[in-house]
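Hydrogens, waters and symmetry mates play no part in the numbers below; they use all other heavy atoms, side chains included. None of the values given here were measured: they were computed from a predicted structure.
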Amino acid sequence: MAPIGTTLFLILVHIWFYALLFISNECKAVRPAPKFPAILVFGDSTVDTGNNNYLKTLFKGNHYPYGQDFPGHVATGRFSNGKLVPDFLASMLNIKETVPPFLDPSLSDSDLVTGVSFASGGSGFDDITGAVGGIIPFSKQVEYFKRYIVRVQGLVGEKEAKKLISSAVIVICAGTNDFGFNFYDLPTRRLEFNISGYQDFLQNKLHKFIEELYELGCRRLTIAGLPPVGCLPIQMTAKFERPHDRRCIEEENLDALVYNKKLARLLPTIQSLLPRSKIVYADVYEPITDMIDNPQNFGFVETKRGCCGTGSVEAGPFCNALTAVCDNVLEYLFWDGIHPSEVAYEYISKYLEKNVVPQLLDYNNKS
């Protein structure tokens, strides 16, 4: 006969084992289903999760200190210290934790069918934006999307691929580079357009791009407006020589607001022309302005400079392993001279989850 102590121990082990099994099964049972089957992303460096790594371009984020706060502390090519908005949205929508770049040769079948990013740092709606930088213009992003469709069809069949793409959430984020590269910092397009004319030119480009995606089967799209461009550290640096003079450039911010109002009016018109589509405007200006105006609410102490280097101009190759970084990135709205920090991207994502996702889901439930 076994001692009482041994018997009691065995009983407790059995109870512990079955309790763990019950908890595990319960967790599996209540795990929420994805709100969309996939997320597909087009745009610039704010949503490029690593495509530029595979291009002959100097504008990359695949080196330290980029990625210092990404899981595993890996520099993935994301232009921030950690995750980007597509990653947070994919997690919030229960799709997956991160969105891989389409050009990654190690993409798994699961990665492919649940969505990828086609975005490229330095890109814009204007064909000449980043033309000499070796990045992926929007026209090429569409071509890569066509290749994506063929690959997905090979995995799940043509019928299921069509269903997946029509149900996927499409994220488009670009425009800042167009104004920065072609209008404010370099006068390329100022020789042809005034600011209003260039805004219309870009939105005509966007309109055609949306129509192309629609023809390829996309039905649920969210289009980001411009951020407060005049508050980007690099824009303030270009405007003000003396550090103490640094402040947001109101004229550029006003231009961004006008652009966003035009975009918010344009998207319902485009939607009305494309049967069974849902096209939602995503306001990124408001949450970033809120962080700038009320930094204490978000734990920020610095909103005019990035964490990397001096925080005034460093980005891409100029933010590197030899560049000093701030002591506490959580106190910085911007990671480098152009891009927000991971915590700022997370706040933006929560804003979009509250204000954009319900519109897409509401339509999803009705269709």
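- Evaluation of the ring pair (Phe, Tyr, Trp, His ring centres under 6.0 Å) rule for Phe334 yields no partner, not counting sequence neighbours.
- Note on residues 230-297: pairs passing disulfide bond (SG atoms under 2.5 Å apart), not counting sequence neighbours, are Cys231-Cys248.
- To the nearest 0.5 Å, atoms NZ (Lys140) and CG (Leu55) are separated by 10.0 Å.
- Taking the six-membered ring where tryptophan is involved, the planes of Phe183 and Phe179 are perpendicular, since the angle between them exceeds 60° and thus also 30°.
- Note: Phe36 CZ to Asn94 CG = 11.0 Å, rounded to the nearest 0.5 Å.
- Residues satisfying the ring pair (Phe, Tyr, Trp, His ring centres under 6.0 Å) criterion with Phe193, sequence neighbours excluded, are Tyr198, Phe201.
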Item to check | From CA spacing to verdict: side-chain hydrogen bond (donor to acceptor under 3.5 Å, both in side chains), Gln203, Lys262 | outcome: CA-CA 9 Å; Gln203 294 190 7; Lys262 288 183 177 181; over 6 Å; no
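- Within 6.0 Å of the CG atom in Leu58, the count of heavy atoms belonging to other residues, nucleotides or ligands does not exceed 12.
- With 3.5 Å as the limit, one finds a donor-acceptor pair spanning the side chains of Arg78 and Thr76.
- Ring pair Tyr148/Phe102 is perpendicular by interplanar angle, where above 60° counts as perpendicular and below 30° as parallel.
- In this model, Cys308 has its SG atom no nearer than 2.5 Å to the SG atom of Cys326.
- With sequence neighbours excluded, the residues satisfying ring pair (Phe, Tyr, Trp, His ring centres under 6.0 Å) with His63 are Tyr66.
- Within 6.0 Å of CG in Asn297 there are more than 12 heavy atoms belonging to other residues, nucleotides or ligands.
- Within a 6.0 Å sphere centred on CD of Glu192, other residues, nucleotides and ligands contribute more than 12 heavy atoms.
- Just one of Thr129, Asn194, Asp126, Asp178 meets the side-chain hydrogen bond (donor to acceptor under 3.5 Å, both in side chains) condition when paired with Arg189; it is Asp126.
- The ring pair (Phe, Tyr, Trp, His ring centres under 6.0 Å) check on Tyr345 picks up nothing, with sequence neighbours excluded.
- The distance from atom CD1 of Ile279 to atom CG of Leu360, rounded to the nearest 0.5 Å, is 10.5 Å.
- More than 12 non-hydrogen atoms from other residues, nucleotides or ligands lie less than 6.0 angstrom from NZ of Lys96.
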Contacts under 3.5 angstrom, residues 206-217 side chains, donor-acceptor by atom type, not counting sequence neighbours:
residue: His207; atom: NE2; partner: Glu211; partner atom: OE2; Å: 3.2
residue: Tyr214; atom: OH; partner: Pro275; partner atom: O; Å: 2.7

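- We find the CZ-CD1 distance between Arg305 and Ile234 to be 13.0 Å, quoted to the nearest 0.5 Å.
- Here the rule is side chain to side chain contact (heavy atoms under 4.5 Å, CB included) with Leu84, and of Thr49, Ile348, Thr98, Asp48 only Thr49 fits it.
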